[in-house]
Every structure is written in C-alpha cells, then in structure tokens.
Amino acid sequence: MMLRQLLNAPIGRSACNAGRRAFHASRIKLDEASRTQETLEQAASSLSRDPNKPGVYPRIRQALAHGYEPPAHTTPVPEQLAAIKRAQEAVAKGEYPVLQPHSSHSKPRKPHQAFLERLRADGGDKIVGFKRNVLHVEHTRFLTLCDQIKGLSLDQALLQLRWHRKPITKKVEAALQEAVVKAKEAGFDLSKTYVADAYVKDSAILQMQMVKMYLRGRGRYGATPHPKSALLEITLQEREKPFAVRENDPLEWVREKLRDKQRQFTKSAEEVYAETRSKRPVKEVYC
C-alpha cells in the first residue's frame with residue numbers, strides 16, 4: 001500500500017510536467033534557430049551581387065570604354081580630367097586597375113616568393129620587409145587598413161592612417177614608422193618609397209629570439225600561446241614610378257584631396273625618421 005502511494009504521488013506528475021516543459025522549450029529553441037538560419041540565408045542572398053548589376057569599378061570601366069565625358073552641368077577640376085585620361089588609356093591597353101583581384105587559379109607553393117619576383121620585375125630590387133606581432137587583437141581589424149595603404153607612398157600612407165582616427169590605426173602606424181626607419185637605414189630614398197604590400201594573418205608566431213626569452217622549468221623554453229593574435233607584414237619598395245593600380249585609378253584624386261586635409265596634423269616620412277632617431281640615437285663605435 002505504501003509503495004503504491006509513493007508511485008502515485010504528485011512527484012511523478014511534476015516530473016512529467018517538467019519533461020513536457022523541457023520538450024516544448026527545446027521545440028521553441030529549434031524553431032528560433034530555424035528562423036535565424038532563414039534570416040541569415042535571406043541576408044546573404046540580398047548581399048550577393050546581381051550579375052546584371054556590376055559593381056562600381058566595372059561600371060566605371062564600361063563608361064570609360066564608351067568614351068566617358070564629364071556632365072555638362074559640372075565643372076571638373078584638372079586632377080579629375082587627368083585621372084579620367086589616365087584611366088581611359090589604361091582601359092585601352094587592357095591594364096585597368098584591380099585593387100583586390102579575385103584569382104580562380106590554384107595558389108602557388110610559395111606565394112610570397114612569387115610576389116617578390118613580380119615586384120622586382122616591375123619596380124626594381126630595392127625591397128625591404130618588416131614584420132610585427134600584435135597580441136590580444138583580432139587580425140580582421142587590420143584588413144581594411146592594410147587594403148587602403150597598399151600602393152601608396154609613405155607620406156600618403158601616413159596621411160591615410162591619420163585620416164581614420166581609430167584606435168587600431170595606432171598599431172598600424174607604429175609598424176609603418178618602424179618600417180620607415182628600417183628602409184631609411186637600408187639606404188632607401190623615402191620620397192620614392194612605396195608600400196608594395198601590407199599583409200596580416202591570424203595566429204601570430206613569436207620570433208625565435210623572443211621565444212628563447214620565455215624560459216620554463218627543467219631546462220625548457222617556449223612562448224605563451226595567445227587566443228587573439230595577428231602577424232602584420234609590410235613590404236616597401238623604392239621605385240621611380242608609382243604603382244599603376246593607384247596611378248590609373250579614376251577615383252584616387254578624390255582620396256588624395258581627403259588625405260590632404262590631415263597634412264597639417266601628420267608628419268612626413270623624413271620627419272618620422274628624424275624623430276625616431278632623436279629618441280633612439282645611434283652611438284658611435286670606436287675601434
């Protein structure tokens with residue numbers, strides 16, 4: 001009798017009700033997840049580019065190919081006319097600029113070496129690279145800044161970084177300043193030096209000199225892994241003419257006008273080197 005009362009006690013009914021509530025809660029979560037997935041798919045489909053509606057640069061290419069002329073109600077400035085003329089000549093030669101090419105072929109085994117070979121063939125052998133590890137920062141925060149300083153001269157790249165006024169630009173600006181010092185000490189003419197490439201990737205690996213400084217117990221050493229890290233690599237090249245990607249861009253003159261507004265607040269590459277060397281003077285060595 002006692003066992004039957006225990007089996008028919010309200011405890012069993014409450015447990016059953018709790019199971020029902022858990023089942024309904026799981027169904028609600030599944031429905032919300034499915035609705036979220038449908039919303040993401042709709043957003044992705046809306047963001048996908050319509051092949052019948054090309055982007056900005058393809059539309060400009062089509063307009064230049066058909067003999068584009070500024071509208072009659074506007075008064076173009078000389079910089080705009082010169083940029084349009086250079087872009088039309090580039091379209092006629094089939095050398096229209098592509099800032100971010102999307103390649104469909106397989107990647108080479110050593111992409112950086114292949115890039116350096118193309119760079120030497122285009123502008124010369126005076127190339128210098130600089131790497132910096134940035135800890136506790138997502139590498140995705142550097143992507144936009146790296147794309148915007150590619151192909152610019154050192155002075156223009158410093159103006160571009162100062163124009164953003166974001167906290168993350170200080171890290172890129174510090175790395176670019178160190179690269180300027182390295183290029184100057186290597187004998188580069190800073191007025192003819194350009195940012196050939198600015199590359200960033202995640203999972204930065206500390207250099208061997210730094211790794212050996214992290215001493216461990218029982219005669220071991222190693223680096224402490226960080227969950228958020230980035231490796232910033234800047235490649236500079238001294239060349240006689242600017243990159244065709246920037247020179248033939250019909251919109252580059254507008255960017256230069258915007259950068260010039262920050263010139264009074266930004267130091268040039270020569271001033272950056274002089275300031276850095278004043279803080280860290282090179283001591284004379286007597287032999």
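None of these values were measured; they are calculated from a predicted model.
The side-chain heavy atoms of F130 and E178, taken from C-beta on, include a pair separated by under 4.5 Å. Taking 4.5 Å as the limit, some side-chain heavy atom of L154 sits within range of a side-chain heavy atom of L176. Between Q237 and T193, the closest side-chain pair of non-hydrogen atoms is not below 4.5 Å. Here the side chains of V195 and T235 are not in contact, with every heavy-atom distance at 4.5 Å or above. Two residues are said to be in side-chain contact when any heavy atoms from C-beta on lie closer than 4.5 Å; V272 and L158 meet this criterion. Looking at heavy atoms from C-beta onward, Y194 lies out of side-chain contact with L236 at the 4.5 angstrom threshold. Looking only at side-chain heavy atoms (C-beta outward), H164 and Q148 come within less than 4.5 Å of each other.
Note that NZ of K150 is 9.5 Å distant from OH of Y199, once rounded to the nearest 0.5 Å. Taking CZ of R239 as the reference point, atom CG of D189 lies at 14.0 Å (rounded to 0.5 Å). Going from atom CZ of R162 over to atom CD of Q262 covers 8.0 Å, rounded to the nearest 0.5 Å. For the atom pair E256 CD and K261 NZ, the distance stands at 14.0 Å (nearest 0.5 Å). Remark: L152 CG to L159 CG distance equals 9.5 Å, nearest 0.5 Å. Here the CD1-CZ distance, from I127 to F115, works out to 7.5 Å after rounding to the nearest 0.5 Å.
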I'd like to know whether D122 forms a side-chain contact (heavy atoms from CB on, under 4.5 Å) with R118, so could you lay out the CA-CA distance, the side-chain angles of the two residues, the decisive distance to 0.1 Å, and finally the verdict. CA-CA 6 Å; D122 182 54; R118 296 194 303 269; over 6 Å; no
List the steps, then state whether side-chain contact (heavy atoms from CB on, under 4.5 Å) holds for D197 with C146. CA-CA 8 Å; D197 187 33; C146 291; over 6 Å; no
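Shown here for A269 and V180, the closest heavy-atom pair between the two residues is O-CG1, 3.7 Å. The two atoms that bring A175 and R132 nearest to each other are N-NH1, 3.8 Å, heavy atoms only. What you find for R246 and G151 is that their closest heavy atoms are CG-O, 3.4 Å. When all heavy atoms of A83 and P250 are compared, the closest pair comes out as CB-O, 4.0 Å.
Counted within 6.0 Å of CZ on R141, heavy atoms from surrounding residues, nucleotides or ligands total 12 or fewer; the atom is thus considered open. Atom CH2 of W163 has 12 or fewer neighbouring heavy atoms from other residues, nucleotides or ligands inside a 6.0 Å radius.
Residue R86 is tested with L81, D249, N248 for a side-chain contact (heavy atoms from CB on, under 4.5 Å); the sole match is N248. Test E185, K182, K267 against Y273 for side-chain contact (heavy atoms from CB on, under 4.5 Å) and you get one pass: E185.
Salt-bridge formation is detected for the pair D260/R263: a Lys NZ or Arg NE/NH1/NH2 atom is positioned less than 4.0 Å from an Asp or Glu carboxylate oxygen. Between K184 and E270 there is a salt bridge, since at least one side-chain N of the basic residue sits less than 4.0 Å from a carboxylate O of the acidic one. A salt bridge links E252 and R255; the closest N-O separation between the charged side-chain nitrogens and carboxylate oxygens is under 4.0 Å. With salt bridges taken as basic N to acidic carboxylate O contacts below 4.0 Å, one links E79 and K257. Using a 4.0 Å cut-off between a side-chain N of Lys or Arg and a carboxylate O of Asp or Glu, K192 and E238 do not qualify as a salt bridge. For the pair D202 and K228, the salt-bridge criterion is not met [side-chain N within less than 4.0 Å of a carboxylate O].
Although no hydrogens or angles enter the test, the distance criterion places no donor-acceptor pair under 3.5 Å between the side chain of E138 and the main chain of S229. Between the side chain of K126 and the main chain of G187, a donor-acceptor pair closer than 3.5 Å is present. Judged by distance alone, the side chain of D155 and the main-chain N or O of S191 form no donor-acceptor pair under 3.5 Å. Panel note: side chain E271, backbone S268; a donor-acceptor pair is recorded below 3.5 Å.
Looking only at atom types and distance, the side chain of R259 has a donor-acceptor partner in the side chain of Q160 under 3.5 Å away.
L251 and L258 fall into different hydrophobic clusters, where Ile, Leu, Val, Met, Phe, Trp and Tyr side chains are chained together by heavy-atom contacts under 4.5 Å.
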